[in-house]
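Structure first, then comments.
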2 protein chains.
Amino acid sequence: MKIHVLAQKTGLNPPTIRYYEKEGLLDRRHVERRDNNYREYTEEAVEHLLLIKRVQAAGFTIREIKVILKEEDGNKLELSRAIEFLRKKMKEMDRRKRELEESQSLLARMLNNKLALLAKKGTSENKPLP
Amino acid sequence: MKIHVLAQKTGLNPPTIRYYEKEGLLDRRHVERRDNNYREYTEEAVEHLLLIKRVQAAGFTIREIKVILKEEDGNKLELSRAIEFLRKKMKEMDRRKRELEESQSLLARMLNNKLALLAKKGTSENKPLP
DNA sequence: ATAAACTATAAAGTATACTTGAAGGTCAAG
DNA sequence: CTTGACCTTCAAGTATACTTTATAGTTTAT
């Protein structure tokens with residue numbers, strides 16, 4: 001498929017997809033060139049980009065995504081590094097989930113405060129001075 | 001306390017604290033100026049900055065933090081806006097938690113794949129060709 | 001055949017969140 | 001009373017992740 005079709009299917013736009021390719025997030029599994037130099041994308045590219053979107057929304061940088069999604073080249077050392085990296089990231093995500101939950105209960109408290117404040121104002125607004 | 005003390009207590013560095021002030025994240029509850037133009041911070045500033053760090057780690061931008069942490073000025077309309085904003089953000093955080101969990105199980109699968117691959121390589125590495 | 005709608009590259013621009021650097025004022029110790 | 005460690009402001013620089021712009025080639029529809 002051509003770039004605008006992929007863009008449509010993934011919710012990204014063409015320049016972003018080209019940018020991802022330039023940054024090394026796409027490889028021969030996802031894209032090749034036709035005779036006219038146009039990019040031709042595989043179905044796999046759709047899944048791949050949707051996955052990138054999800055992982056990125058979870059807070060990964062493009063470089064990190066590149067590391068975890070890159071094609072397995074059969075190198076044992078690189079494999080071990082990837083494993084180590086993934087473990088580190090899993091822990092990091094646990095931490096972020098905790099932070100998210102803490103912040104959420106924080107916001108809940110703030111929300112309650114503001115609601116209480118609003119209720120009080122709502123009932124006292126038109127009262128005369130004491 | 002002076003800026004470097006606050007910096008030490010919060011794990012931020014002075015320029016960052018000044019930057020936050022410039023961006024409107026600190027107000028008279030947290031800083032004032034002494035005669036020599038040096039900033040003097042209150043104890044409240046410590047808590048405030050630690051809170052900023054947490055909320056930011058949870059994915060909020062500085063502008064958003066500014067909105068949710070700004071001093072209550074008693075304006076009913078602004079209060080309503082803040083409440084609406086907080087509710088929106090709570091939902092967003094729910095979504096981010098889900099994304100985080102999805103990505104986490106994704107990474108777990110990838111980790112398992114790589115571990116299996118490594119184990120296979122580990123046992124077959126020294127075998128002669130069939 | 002020609003206009004509209006794509007495609008390509010490269011380079012510059014944008015937003016966010018800082019960090020670094022320059023140039024100078026203040027303060028405590030020896 | 002000067003040295004060193006602070007403090008100040010303002011401007012410029014950095015990294016990330018795009019987006020926009022400029023220029024040009026290709027395809028599709030009429």
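Chain identifiers are assigned alphabetically (A, B, ...) following the order of the sequence lines, protein sequences preceding nucleic acid strands; residue numbering begins at 1 within each chain.
Nucleic acid contact for A:R18: base, since at least one base atom lies under 4.0 Å from a heavy atom of the residue.
Following rounding to the nearest Å, A:L49 (CG) and D:dC18 (P) show an atom-to-atom distance of 11 Å. A straight line from CD1 of A:I17 to P of C:dC6 spans 14 Å, rounded to a whole angstrom. Here the P atom of nucleotide C:dA8 and the CD atom of A:E40 are 10 Å apart, to the nearest Å. Taking atom CD on A:E32 and atom C1' on C:dT7, their separation rounds to 16 Å, with Å as the unit. Computed from coordinates, the B:R33 CZ to D:dC7 C1' distance equals 10 Å when rounded to whole Å.
Using a cutoff of 4.0 Å between basic side-chain nitrogens and carboxylate oxygens, A:R54 and B:E99 are not scored as salt-bridged. With salt bridges taken as basic N to acidic carboxylate O contacts below 4.0 Å, one links B:E21 and B:R39. The residues B:E102 and B:R98 are annotated as not salt-bridged, no charged nitrogen and carboxylate oxygen being separated by less than 4.0 angstrom. In summary, A:E23 and A:R18 do not engage in a salt bridge, as defined by a charged side-chain N under 4.0 Å from a carboxylate O. Under a 4.0 Å N-O distance rule, the pair A:E47/A:R29 does not qualify as a salt bridge.
OP1 or OP2 of D:dT9 sits under 4.0 Å from a side-chain N or O of B:R39. Between A:H4 and C:dT7, a side-chain N or O to OP1/OP2 separation shorter than 4.0 Å is present.
Judged purely by atom type and a 3.5 angstrom limit, B:T10 uses its side chain to pair as donor or acceptor with the backbone of B:L6.
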Response to the item:
In B/S/- notation (B base, S sugar-phosphate only, - none; protein heavy atoms under 4.0 Å), nucleotides 15-27 of chain C written 5' to 3' is -SBBSB----BBS
